[in-house]
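Lettering follows sequence order; numbering is per chain, from 1. Please read all numbers here as calculations on a predicted model, not as lab measurements.
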Amino acid sequence: MVGSDAVKCSECGSRNIHRDLNRGETSCGDCGVVMSESEIDPRSEWSSFDGDTSKVRTGMPTSFLFHDKGLSTDIDHLNKDYSGRSLGSKQRIQMHRMRKWQRRSRTSSSFERNMEAALVELSRLAGKMGLGKSVREEAAIMYRRALEKDLIRGRSIENMVAAALYLANQKLKTARSLDDFERHSRVSRKAIARSHKIIKSALKLRVEIAQPEQYVGRYANLLELPFIVEKEAIGIIDRARKRDLTHGKSPTGVAAAAVYIASRLTESMRTQREIADISGVTEVTIRNRYKELCGDLGIELD
DNA sequence: AAGACGAAAGTGGTTGA
DNA sequence: TCAACAACTTTCGTCTT
């Protein structure tokens, strides 16, 4: 990494930069913007099975984001050996065979071709939605398993990738609703909803249903609200749950209302319109929810 | 003028016969 | 498969700051 002077957030200028080596991500601790991804993990790999701590290989740790998990070695097209000498005809024929074999093994099976196409779409969609590497990895694993179970045949890759990403997002609680997916994917929310259920049951995945708290952090971020507001909003939701005001209500609606109340209780108030815009919940619903919450929790807004 | 309010009608998803 | 149902949205006129 460069000197600390150069490490400033490109968005807000903050120096509160957080580097997550596990996810290969550098992000701003204040506004949450991800500044770079897919960095090479500078640490050596510690996993060794014989107690010997020597590095087995260098480069990035293995990742499910490459269809061959990033471990393939390229056989180049020059008929030279490592020292640059030309190869004899015998070796040349052998090299030719190896290259052909390599091409086959890497992409010729329909499985690998599908996986490759899926990963391209996965990274496109995840990038567009601002989803980090851990979610992408999780989605890639789910997709791979779905592909192994032959769930993809007859359905579009685009559709199933969106479904896998949606599931991964739920599992890792990264707060993206079906509406968010519909906004960024060409696949309809209906199709994503249907496919994600198929994957979920076939892979026997247990994913907790979304809770309002999960959305608070993201909303607060998008609204550039300080952390106290976030904390306040989570407190409100906590109390609301104890009074059973959250059951059967959409988590986004509850979260949006809680953020609205919290923002009004502090100096950094946001309008219903602003919150509606970033959350995808209408002003009317925010109103209904926040009236409910204020009434039952005895919160007074001036 | 902007924001908040609430009534009324419409939409899409869930549930249970 | 269908109807009933609650939550949510859309639209719009009115009130408040």
Side-chain angles (χ1 to χ4, degrees), chain A residues 129 155-156 158-160 162-171 173-202 204-220 222-226 229-230 232-234 236-302:
Chain A
M129 297 186 66
R155 305 181 229 272
S156 78
E158 221 180 353
N159 186 334
M160 297 306 271
L165 200 53
Y166 177 62
L167 267 172
N169 147 77
Q170 284 192 321
K171 185 173 174 190
K173 307 189 190 307
T174 47
R176 297 298 189 285
S177 62
L178 271 176
D179 296 86
D180 291 316
F181 273 85
E182 189 167 50
R183 238 174 278 166
H184 298 286
S185 172
R186 264 171 300 176
V187 185
S188 72
R189 57 176 296 140
K190 225 175 178 175
I192 298 175
R194 200 175 333 119
S195 315
H196 108 267
K197 278 183 204 154
I198 291 166
I199 299 180
K200 194 169 143 188
S201 70
K204 298 189 174 63
L205 294 173
R206 294 211 154 230
V207 180
E208 287 172 53
I209 53 157
Q211 298 297 320
E213 286 94 332
Q214 295 171 23
Y215 292 94
V216 171
R218 180 150 162 270
Y219 292 168
L222 291 168
L223 292 163
E224 291 168 9
L225 286 165
V229 182
E230 195 175 323
E232 180 67 36
I234 287 177
I236 292 168
I237 294 171
D238 215 47
R239 285 194 282 152
R241 176 166 301 116
K242 287 185 180 124
R243 300 217 178 199
D244 206 19
L245 294 168
T246 57
H247 271 149
K249 310 284 197 293
S250 90
T252 50
V254 176
V259 169
Y260 176 70
I261 297 171
S263 86
R264 280 192 59 168
L265 287 173
T266 61
E267 297 303 303
S268 38
M269 122 96 133
R270 295 290 182 276
T271 66
Q272 295 174 2
R273 176 80 262 147
E274 286 174 298
I275 299 178
D277 281 340
I278 58 101
S279 67
V281 179
T282 61
E283 289 170 89
V284 182
T285 300
I286 293 176
R287 250 187 327 261
N288 292 336
R289 278 303 84 73
Y290 110 79
K291 288 277 170 195
E292 251 170 51
L293 292 177
C294 285
D296 278 52
L297 300 176
I299 299 170
E300 298 271 345
L301 300 178
D302 31 40

Item to check | Backbone of A:Phe181 reached by a side-chain donor or acceptor of A:Ser185 within 3.5 Å | outcome: no
Checklist entry - Going 5' to 3' along DNA chain B, which nucleotides are the first and last within contact of chain A (any atom under 4.0 Å from a heavy atom)? => result B:dG3 to B:dG13
Checklist outcome for this item: DNA chain B nearest-nucleotide lookup for A:Lys190 and A:Gln272: closer to the 5′ end is A:Gln272
Next on the checklist: Using side chain to side chain contact (heavy atoms under 4.5 Å, CB included), reason through A:Leu223 and A:Ser263 one step at a time and then give a plain yes or no.
Outcome noted: CA-CA 10 Å; A:Leu223 292 163; A:Ser263 86; over 6 Å; no
Checklist outcome for this item: The reported gap from CG in A:Asp244 to NE2 in A:His247 (rounded to nearest 0.5 angstrom) is 5.5 Å
Checklist entry - Counting N and O atoms only, with roles assigned by atom type, does the side chain of A:Arg155 sit under 3.5 Å from a partner on the main chain of A:Ser195, one being a donor and the other an acceptor? => result no
Next on the checklist: Can you tell me how far apart NE2 (A:His196) and CG (A:Asn169) are? Round to the nearest 0.5 Å.
Outcome noted: 10.0 Å
Checklist entry - So which nucleotide does C:dA6 pair with, by the Watson-Crick or G-U wobble rule with both distances under 3.5 Å? => result none
Next on the checklist: For DNA chain C, which residues of residues 245-253 of chain A approach it to below 4.0 angstrom with any heavy atom?
Outcome noted: A:Gly248, A:Lys249, A:Ser250
Next on the checklist: Between A:Glu213 and A:Lys173, does any NZ, NE, NH1 or NH2 come within less than 4.0 Å of an OD or OE carboxylate oxygen?
Outcome noted: no
Item to check | Atom CZ of A:Arg186 with >12 non-hydrogen neighbours under 6.0 angstrom | outcome: no
Item to check | Salt bridge A:Asp179-A:Arg183, side-chain N to carboxylate O under 4.0 Å | outcome: no
Next on the checklist: One character per nucleotide, please: for nucleotides 9-17 of chain C, 5' to 3', B when the base has a protein heavy atom closer than 4.0 Å, S when only the sugar-phosphate does, - otherwise.
Outcome noted: BBB------
Item to check | Straight-line distance of A:Asn159 CG to A:Ser188 OG, nearest 0.5 Å | outcome: 7.5 Å
Next on the checklist: Counting neighbours of NZ on A:Lys171 that are heavy atoms of other residues, nucleotides or ligands and sit closer than 6.0 Å, is the number greater than 12?
Outcome noted: no
